[in-house]
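Keep in mind that the numbers below use all heavy atoms, side chains included, and drop hydrogens, waters and symmetry copies. Letters go in sequence order (proteins before strands), and every chain restarts at 1.
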Amino acid sequence: MRWFRFSLFVIAVTLIQAGLVDIVSLVNVRPDFLLILLVFFAIYCDTTEAIISSFAIGFAADVIGSAMGPQMISFGLFGTLLAYLHRFIAIREMPYQSLAIVLTGLLAGGLAFFLTYLRSQPTPPNMFTVLLGTSLYSAIIGPFLFLPSAWLMRIKTHPFVGS
Amino acid sequence: MLFTWLMLVGFIFLFAPQKLANNFQSTFARIFYWPLSIGRRLSTSVREKQLPTDVVARSKYNQLQNHLANVQEWLEQEREKVEKLSGLRDRPIWEGAKLMIADVASVSGSSTEIILNRGEDDGLREGQFVLGEESIIGAVSVVSSRTARVKLITDSTSKIPVKIAEFDVIRVMQGDGKDSAKIELLPSRKYNVKVGDDVLVCKMPGFLNSAMITARVAECRRNDENPSVWDITVKAVCNIERLDEVVVIIIDDED
């Protein structure tokens with residue numbers, strides 16, 4: 001993993017998530033680009049790199065969120081689980097990648113909301129709708145963003161091709 | 001092992017004092033102020049383009065409406081004072097107050113808080129009211145040296161004393177965590193509240209010299225359990241999502 005490139009990439013995506021995501025919002029549902037990034041690195045990196053990147057992306061999500069910690073823990077936990085799962089089940093087809101984004105989004109988002117609630121920070125009252133909408137929207141556009149992400153990170157999406 | 005350590009770091013962040021956690025968010029907002037503000041302006045302009053039916057800019061229209069409501073309220077107060085205290089001179093509404101313009105650096109995930117590019121160094125303190133389009137949109141909740149976090153009136157932990165229209169009764173307005181706020185425990189027999197009535201933040205010495213408009217009644221129905229009181233839902237008169245600039249009311253302590 002090229003960690004400097006990774007840092008710049010995560011900062012850029014965090015800025016897009018914080019400032020520009022409203023442009024692509026549909027009926028107040030916004031995609032979560034950091035969630036897409038989390039699944040991308042969990043799928044295309046080795047386990048150690050996936051663990052570090054999951055926590056780093058979670059930290060970035062906390063920085064633009066309402067409290068520090070919840071997203072780092074939830075993204076770290078489910079990113080790690082996904083990376084371990086990927087050892088046994090290859091998630092290469094787009095529909096499976098979408099499914100992985102939806103499930104990770106729901107589980108990580110649910111845990112993050114719970115931890116935010118524990119910290120007595122405000123959570124949206126319609127959290128299930130927000131969670132479902134965000135996860136589904138991210139799942140629809142996520143797999144299409146994997147290719148440019150892989151190109152930017154110089155990661156081979158098909159490691160057996162040409163080897 | 002790596003996972004355990006990183007998880008530990010996550011829990012340290014989670015249970016760290018809120019002020020420490022806010023420092024990370026404020027620092028990020030400060031460092032990346034330019035790209036974030038450009039992004040917000042871009043988002044705002046895209047959203048405004050989606051309203052082709054506006055003859056004049058909606059924000060300008062709202063601002064003028066709110067200005068009118070404020071002037072009417074001030075006029076009413078002045079008239080009462082002239083009647084009651086004839087012969088005594090009162091100071092103008094903003095005398096002793098400093099109005100600080102601040103840019104909105106970012107909006108929190110739940111959209112009930114905003115971060116400003118002004119902080120303690122500029123004279124901001126906790127509790128100071130923040131204006132958007134000449135209406136109260138919230139109050140400063142956390143201040144660092146160069147940034148400040150504003151809790152909007154829609155935040156579920158925001159509680160502000162308000163009065164409705166001409167009724168001389170004070171009630172607490174509490175945000176619902178979405179895009180509106182609630183006012184409860186107002187007797188329905190005594191007060192004939194109507195949809196569209198102005199909601200004004202009460203005068204608070206040291207923070208606000210005069211009552212100011214903040215919201216309008218959007219829904220008014222009798223409480224399910226106790227029909228003798230209203231359940232009032234109010235909406236901010238200012239479209240907070242579109243704001244990229246606000247004004248903080250700083251009352252001079254020495255005055």
Side-chain angles (χ1 to χ4, degrees), chain A residues 11-12 14-25 28 30 32 47-56 58-77 79-81 83-84 109 112-113 115-116 118-127 129-130 134, chain B residues 1-18 20-29 31-47 105-113 115 149 151-152 154-158 175-179 241-242:
Chain A
I11 289 170
T14 307
L15 290 173
I16 290 170
Q17 186 67 38
L20 284 168
V21 78
D22 280 348
I23 292 174
V24 288
S25 71
N28 275 337
R30 302 170 177 89
D32 189 342
T47 312
T48 308
E49 290 172 349
I51 292 171
I52 297 169
S53 58
S54 299
F55 279 96
F59 177 80
D62 277 332
V63 165
I64 57 167
S66 57
M68 289 299 292
Q71 303 263 39
M72 188 173 174
I73 293 168
S74 59
F75 273 35
L77 177 65
T80 304
L81 285 176
Y84 275 105
F113 276 130
L115 293 172
T116 308
L118 274 187
R119 281 287 281 138
S120 308
Q121 293 291 318
T123 52
N126 52 345
M127 59 166 269
T129 320
V130 171
T134 304
Chain B
M1 193 63 178
L2 176 69
F3 173 78
T4 313
W5 279 110
L6 289 170
M7 204 54 136
L8 191 64
V9 173
F11 275 105
I12 289 170
F13 275 124
L14 185 67
F15 293 109
Q18 187 61 33
L20 191 73
N22 283 332
N23 281 345
F24 278 98
Q25 295 170 329
S26 304
T27 308
F28 178 82
I31 293 172
F32 297 105
Y33 167 69
W34 283 108
L36 284 171
S37 60
I38 289 167
R40 273 193 61 76
R41 281 197 196 104
L42 209 62
S43 300
T44 309
S45 63
V46 167
R47 244 183 271 131
S106 70
V107 181
S108 76
S110 54
S111 296
T112 55
E113 287 183 319
I115 294 174
R149 185 177 278 259
K151 192 182 284 182
L152 300 177
T154 52
D155 189 284
S156 57
T157 57
S158 160
D176 66 355
K178 289 188 279 185
D179 59 349
E241 282 189 356
R242 282 197 209 171

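Of the possible donor and acceptor atoms, one in the side chain of B:Thr27 sits under 3.5 Å from a partner among the backbone N and O of B:Asn23. B:Gln25 places a side-chain N or O within 3.5 Å of a backbone atom of A:Gly65 that can act as its donor or acceptor partner.
In this structure, the portion of B:Ala16 lying under 4.5 Å from any heavy atom of chain A is its backbone and not its side chain. Within the 4.5 angstrom heavy-atom criterion, atoms from both the backbone and the side chain of A:Met68 approach chain B. Using a 4.5 Å cut-off between heavy atoms, A:Ile16 makes no contact with chain B at all. Interface residue A:Thr48: backbone and side-chain heavy atoms are both found under 4.5 Å from chain B.
In terms of the ring-ring contact (aromatic ring centres under 6.0 Å, His included) criterion, residue partners of B:Phe32 (sequence neighbours excluded) are, by chain and number, B:Phe28. With sequence neighbours excluded, the residues forming a ring-ring contact (aromatic ring centres under 6.0 Å, His included) with B:Phe3 are A:Phe55, listed by chain and number.
Nearest heavy atoms, B:Ile115 versus B:Ala29: CG2-CB, 4.0 Å.
Per-residue heavy-atom pair counts under 4.5 Å with chain B were compared for A:Met72, A:Gln17, A:Gln71, and the maximum is reached by A:Met72.
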